[in-house]
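A quick note: this is a predicted structure, and the numbers were derived from the prediction, not measured. Note that ligands are numbered from 1 as they come in the structure, with each ligand's atoms numbered from 1 the same way.
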Amino acid sequence: MKALVKRDATRGIWMQDVPIPEAGPNEVLIKLEKTAICGTDLHIYLWDEWSQRTIKPGLVIGHEFVGRIVEVGPGVTGYRVGDRVSAEGHIVCGHCRNCRAGRQHLCPNTIGIGVNRHGAFAEYIVMPASNLWPIPDQIPSELAAFFDPYGNAAHCALEFDVIGEDVLITGAGPIGIIAAGICKHVGARNVVVTDVNDYRLKLAADMGATRVVNVAKQSLREVVSDLHMEGFDVGLEMSGNPRAFADMLDCMYHGGRIAMLGIMPRGAGIDWDKVIFKGLTLHGIYGRKMYETWYKMTQMVLTGFPLQKVLTHQIQIDDFQKGFDLMEAGQCGKIVCNWT
Ligand code: NAD
Ligand code: ZN
């Protein structure tokens, strides 16, 4: 089968012919319909410091997908050939303290598809049946293809009560854009989004953000006083940029709560005075809650959440290079690739 493989330990990604995987006990074989490119895939493509210490060359990358079950392994119940599914890409151990307590998103033994084992940028993928998420007929495949990052946004945005609150989102990548929409959808008062990329800030504004701020041109403090606020009640850090995080700490209201999703560079500094004297809460977010986040994402789309607004490009998988170029330039929201 065709698959996008990290063949060499250098910048790039290669379309190669690899064997079709086999579904073992409690697993299914899925024929991919659409996949979406994640920032993580771009990191692997660019072969940055994180990829160099994490990825073994020869890996089929990709973890955002939708497809149809074509084979059901021994012991699988509740699924049939032909079912349209996406899946949780974090495969957990099932026997640690957190897994057994129903907190699988905190499993210390998590294995990520497309990172620690073969991923979804291929004609077929094998997944444990327990990771599948069936897609209702009303949800189009081009949206189901990126439920994984939608889930990061939902997990983060719903971690703290945002009803009536003033929310700051730093970083208008696809995840920050979606999170802005979710906060408005569930009833936040002001949702302010920062970035240094005007193309993406426009997408955040279209998604319903109250105000978008290009922090390369305007100071966030100015916007806080413009909106007659004393500071933000809830912060969602979605840039992975220490400067953005510093802006956030500076503009949080006393007692504010921050959910941190963006992956900071090692050794990034932090102004502890802001955290301590404002009594801030910092909470790390990893992945999605299994499977409460998936449930809420599905219901939000079914009740009118306009997820499609972040989808800017649909391409054929053979044009994958164009997709990675757009990602590198930051001139895109979500990019979905067709495999059929
Ligand atoms: P992305 O890289 O597409 O978006 C980050 C955005 O931050 C970019 O648009 C960039 O222009 C912007 N930015 C840069 N400097 C800024 C500044 N000073 N102020 C404000 N914004 C600034 O990433 P994404 O795919 O939307 O993901 C968001 C973050 O979450 C990334 O750091 C990603 O690695 C991380 N992530 C974490 C998890 C998790 O489970 N914790 C999962 C997925 C992604
Ligand atoms: Zn576990």
Decide whether Thr54 and Gln52 meet the rule of one side-chain donor and one side-chain acceptor closer than 3.5 Å. no

Verify, without hydrogens or angle tests, whether Glu123 (side chain) and Lys2 (backbone) share a donor-acceptor contact under 3.5 angstrom. yes

For Glu159, run the salt bridge (Lys or Arg N to Asp or Glu O under 4.0 Å) check against Arg257, Arg288, Lys289 and tell me which one passes. Lys289

Within the structure provided, determine whether Phe146 and Val310 are in side-chain contact (heavy-atom separation under 4.5 Å). yes

For the residue pair Lys184 and Thr210, establish whether any side-chain heavy-atom pair is separated by less than 4.5 Å. yes

Ile263 to ligand 1: N or O pair under 3.5 Å? yes

If you round to 10 degrees, what value do you get for the angle at the Zn ion (ligand 2) between Cys96 atom SG and Cys93 atom SG? 110°

In terms of side-chain heavy atoms, does Gln321 have a donor or acceptor partner in Tyr45 at a distance below 3.5 Å? yes

Where is the nearest protein heavy atom to atom 17 (C) of ligand 1: which residue, which atom, and how far? Ala244 CB, 3.6 Å

Angle at the Zn ion (ligand 2) between SG of Cys99 and SG of Cys107, to 10°? 110°

Contact atoms of ligand 1, heavy-atom distance to Thr194 under 4.0 Å: 20 (C), 21 (N)

When you compare ligand 1 with Leu261, is there at least one nitrogen or oxygen pair between them that comes in under 3.5 angstrom? yes

How about Thr340 and Glu33: does a side-chain donor come under 3.5 Å of a side-chain acceptor? no

May I ask you to identify the nearest protein heavy atom to atom 7 (O) of ligand 1, giving residue, atom name and distance to one decimal place in Å? Ser239 CB, 3.4 Å

Please list the nearest protein heavy atom to atom 44 (C) of ligand 1 with its residue and the distance rounded to 0.1 Å. Ile175 CD1, 3.6 Å

protein heavy-atom neighbour closest to atom 31 (C) of ligand 1 works out as Gly262 CA, 4.1 Å

Does a side chain donor of either Ser86 or Trp294 reach within less than 3.5 Å of an acceptor in the other side chain? no

Can you find an N/O atom of Val196 closer than 3.5 Å to an N/O atom of ligand 1? no

Do me a favour and list the nearest non-hydrogen protein atom to atom 23 (O) of ligand 1 with residue, atom name and distance? Gly173 CA, 4.5 Å

Do me a favour and list the nearest non-hydrogen protein atom to atom 1 (P) of ligand 1 with residue, atom name and distance? Arg200 NH1, 3.9 Å

For ligand 1, is there an N or O atom under 3.5 Å from any N or O atom of Asn241? yes

Compute the ring centroids of His63 and His90, then answer whether they are less than 6.0 Å apart. no

As a test of the contact definition, would atom 15 (N) of ligand 1 count as having a protein heavy-atom neighbour under 4.0 Å? yes

Protein non-hydrogen atom below 4.0 angstrom of atom 4 (O) of ligand 1 present: yes

Gly176 N/O to ligand 1 N/O under 3.5 Å: no

Give me the nearest non-hydrogen protein atom to atom 41 (N) of ligand 1 as residue plus atom name, then the distance to 0.1 Å. Ile285 O, 2.8 Å

Under the 3.5 angstrom rule, does the side chain of Lys296 hit a backbone N or O of Gly151 as a donor-acceptor pair? no

For ligand 1, which atoms sit closer than 4.0 Å to a heavy atom of Pro174? 3 (O), 26 (O)

Answer yes if the side chains of Gln316 and Asn338 hold a donor-acceptor pair under 3.5 Å, and no otherwise. yes

Which residue owns the protein heavy atom closest to atom 43 (C) of ligand 1, what's the atom, and how far is it? Asn152 OD1, 3.4 Å

Are any side-chain N or O atoms of Arg200 and backbone N or O atoms of Cys332, one a donor and one an acceptor, separated by less than 3.5 Å? yes

So, the side chain of Asp195 versus the backbone of Asn197: is there a donor-acceptor pair under 3.5 Å, distance only? yes

The answer for which part of Met238 has a heavy atom under 4.0 Å from ligand 1 is backbone

Does at least one non-hydrogen atom of Gly330 fall below 4.0 angstrom from an atom of ligand 1? no

With nothing but distance in play, are any N or O atoms of Gly287 less than 3.5 Å from an N or O of ligand 1? yes

Is it the case that ligand 1 has an N or O less than 3.5 angstrom from some N or O of Asp195? yes

Heteroatom distance test (Tyr286, ligand 1): nitrogen or oxygen, under 3.5 angstrom: no

Whether Asn190 side chain and Asp166 backbone form a donor-acceptor pair below 3.5 Å: no

Between Gln218 and Asn214, is there a side-chain donor-acceptor contact under 3.5 Å, judged purely by atom types and distance? no

Numbered atoms of ligand 1 (with element) below 4.0 Å of Val215, judged on heavy atoms: 19 (N)

